[in-house]
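The sequence lines fix the lettering, A, B, ..., with proteins before strands; numbering per chain opens at 1.
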There are 2 protein chains.
Amino acid sequence: MTENDQQAQPPATITAAINRLDEIIGTLPKRMDQCATFTRRNLHLVAVSTVSDMAKAAGVAPSVYMRFCQVFGFGGYSDMQALFREQYTSFRPDYEERLATLRSDQDHSSGQLLADFAEAGQKSLISLGNSVANDGLIKVAEGLSQARIVHLIGARRAFAVVSNMAYLLENLDVPTHLHTHVGHLSNHHLVSPEDAMLAVTFAPFSQTTINDARIAAERGATVFGLTDSEKCPLFEFATETLVVREHEVAGFRSLNASLTLTTALSVLTAEKRKAT
Amino acid sequence: MTENDQQAQPPATITAAINRLDEIIGTLPKRMDQCATFTRRNLHLVAVSTVSDMAKAAGVAPSVYMRFCQVFGFGGYSDMQALFREQYTSFRPDYEERLATLRSDQDHSSGQLLADFAEAGQKSLISLGNSVANDGLIKVAEGLSQARIVHLIGARRAFAVVSNMAYLLENLDVPTHLHTHVGHLSNHHLVSPEDAMLAVTFAPFSQTTINDARIAAERGATVFGLTDSEKCPLFEFATETLVVREHEVAGFRSLNASLTLTTALSVLTAEKRKAT
DNA sequence: CCAAAAATGGAACAAAAATTCCATATGGGA
DNA sequence: TCCCATATGGAATTTTTGTTCCATTTTTGG
C-alpha cells in the first residue's frame with residue numbers, strides 16, 4: 001500500500017524473469033542477493049533442482065531462498081520452478097496427443113521430424129561407441145600427429161566433416177590444409193612424403209576425393225580414410241581406414257558419428273603432437 | 001541365477017540408457033512397453049517430470065511406470081531421474097577439473113575420449129528436444145520455403161553447419177547460396193528482398209557473419225538466425241532466431257544438436273516448398 | 001552506543017511425491 | 001474350459017520436499 005510493495009505479480013516468461021533479476025540484483029540484502037546472483041547465473045538449474053539444492057549451492061538457508069522466491073514475485077519455489085519447467089513441455093502437443101502420435105507414427109509435419117532425426121543421431125552415437133574404431137583411431141591420430149602438414153579432403157556430405165576438423169586442428173595449432181578445389185586448383189604439389197592426409201568419403205564415393213587421395217599416396221604421403229562402408233576404394237591404398245555407421249531417417253543419413261569421431265581424432269592428434 | 005534375470009545394474013550413462021531402452025523395447029509386456037517407448041521418444045522429459053506425469057503421459061498407472069524403472073535396472077524413478085538430471089548439473093562444478101584431466105590423464109587416449117564426446121553428443125541431442133521451440137522451427141522453415149534463394153552464412157565453427165545445410169538443400173532442389181567469402185567477394189548484391197538468409201553463429205559471435213546478416217536485412221531479405229546464446233546480436237534484427245544448447249567436453253562443444261536441427265529444417269523447408 | 005527494524009538460519013509442519021502392497025484382471029498352456 | 005502365472009491399477013505407506021514459524025543475529029538510524 002505504501003508504495004514499495006514487493007512486486008505482486010510474478011514474471012510470466014523466462015525473459016521477464018531474467019530482466020527482473022537484473023533489476024533487483026544489488027538492491028537486496030546480502031543473502032537474498034546471493035540467491036539472486038546465483039540464480040541469474042544458473043538459470044538452467046532451477047528446473048531440475050530442489051529448494052535445498054539451490055539454497056545450498058547459493059550458500060544460504062532454504063528459508064532464505066524461499067523468501068527470495070516470494071520477493072521475486074512468486075508464491076513459492078514451486079511456482080518459480082513451474083515457469084522454468086514450462087519451457088521444456090509447453091510448446092509440445094499435449095501429452096495425450098503425443099501418445100496418439102506415437103501410435104499412428106505417420107505424422108511428419110512438426111516436431112516429430114526433429115525427434116526422428118535426434119533419435120537417428122542417438123543411435124549413430126551408440127554405434128560409434130560399440131564399433132571397434134578405437135584401435136584404428138589411435139593409429140590414425142598417431143599418424144596425423146607425426147605429419148608435417150595434415151591434409152584434409154572430403155566432398156559433398158563429407159565436406160562438413162573435414163571443414164569442421166580443419167577448424168578444430170587450426171585451433172589446436174596443428175598445421176592443416178583443407179583441400180577445396182576452389183578455382184579447380186588441386187594443390188597436389190603441396191603434398192610431400194612427410195605429410196599425412198585424411199580423406200573422408202561416404203557411399204556413393206566421390207571420385208575426386210578418391211583420386212586426390214590416391215595421388216597423395218603415390219607422392220609418398222601417409223593416407224588415412226574415413227568412410228561408412230567396407231567397400232570404399234580407400235581400403236586399397238590407405239594405411240588405415242576407419243568405418244562409421246550412421247543411422248538415417250527417410251534416406252537422410254546423420255553426420256553425428258562422423259563428427260564426433262573426427263572431433264576426438266583432432267584432440268588426440270593435437271595431444272600426441274604436443275607430447276613429442 | 002537361471003539365466004534371464006532382469007538386468008541388475010542400472011545404466012551408468014545416457015548412452016547406455018538409450019542403448020538398453022532400444023534393446024528391451026518389444027520384449028516387455030504391453031504396458032511396460034508403453035513406458036519404454038514413450039520414454040525412448042521423450043528422454044528430455046525425465047529430468048523435469050514426476051512419476052505420475054510420465055505414467056499419465058505414457059498412458060499407464062504410476063505403479064507400472066515404477067516397475068518399469070526397476071526392470072530397467074534402476075532402484076526406482078528417483079534413480080533414473082538422477083541420471084538424466086546429471087547432465088544439467090555435472091558440467092557446472094568442475095569444468096576446470098575436466099580440462100586438467102584431459103591434459104594429465106593418459107588412459108583416455110584409449111576409447112575414453114571418444115566415449116566422452118559421444119556422451120556429450122547424446123546430451124546435446126536430448127537437450128535439443130526441449131531447448132528449441134517447435135513453432136520457431138516451423139516459422140523458419142516456412143520463411144525459407146518462400147524465399148527465391150536461400151542464403152546461408154556461417155564462419156568458423158558454424159561453417160560446417162551451413163555447408164552441410166547447403167549440401168542438403170541442393171539435393172532437395174531448393175535454390176541455395178552458401179556465402180564463403182572466397183576471394184573476399186561478399187556477394188551482397190545477390191541478396192534481394194524476395195530472398196531469405198539463415199545466419200549461424202555461436203559465441204563468441206563472428207563479426208563478419210553478423211555484418212553480412214545485417215546488410216541482408218537492410219536489403220530487405222528475411223533473416224533468420226541460429227545460435228547458442230540469448231545474447232546473440234542476431235536477435236536485434238532477425239525475424240526469428242533459434243537457440244540450441246550444445247554440451248561440451250573440456251571446452252570442445254559438439255555440433256550434434258545444430259546439425260540435427262538444420263537437417264530437420266532443410267527437410268521441412270523442402271517439404272513446404274513442394275507443397276506450394 | 002542503544003533501540004528498533006530487518007534479516008537470517010534452524011527446526012517444525014504441511015504438502016506432494018515416490019514407492020510398495022494387494023486385490024483384480026488378463027493371457028497362455030494343460 | 002479351467003487353472004496358474006503374470007501383469008495391472010488403485011489405494012496405503014513412506015520418504016522427500018516445500019513452506020512457515022520463531023528465536024537469534026545483524027544492520028540501521030537516532
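A straight line from CD of A:Q34 to C1' of C:dA7 spans 13 Å, rounded to a whole angstrom. Taking atom NZ on A:K56 and atom P on C:dT8, their separation rounds to 20 Å, with Å as the unit. Taking atom CZ of A:F72 as the reference point, atom P of D:dG18 lies 17 Å away to the nearest angstrom. Taking atom CG of A:D33 as the reference point, atom C1' of C:dT8 lies 15 Å away to the nearest angstrom.
At a threshold of 4.0 Å, the pair A:R253-A:E246 does not count as salt-bridged, since none of the basic side-chain nitrogens sits closer than that to a carboxylate oxygen. Between A:E23 and A:R20, at least one side-chain nitrogen of the basic residue sits less than 4.0 Å from a carboxylate oxygen of the acidic one, meeting the salt-bridge criterion. Between B:D228 and B:R245, none of the side-chain N atoms (NZ, or NE/NH1/NH2) sits under 4.0 Å from a carboxylate O, so this pair counts as no salt bridge. A salt bridge links A:R40 to A:D22: one of the charged nitrogens lies within less than 4.0 Å of a carboxylate oxygen.
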**OP:** Summarise how protein sits on nucleotides 9-26 of chain C as a single string, 5' to 3': B when a protein heavy atom is under 4.0 Å from the base, S for sugar-phosphate-only contact, - for no contact.
**Re:** BB------SSSB------
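Under a cut-off of 6.0 angstrom, the local environment of CZ in B:R156 is sparse, with at most 12 non-hydrogen atoms contributed by other residues, nucleotides or ligands.
With hydrogens and angles left out, the side-chain atoms of B:S145 and B:T269 include no donor and acceptor closer than 3.5 Å.
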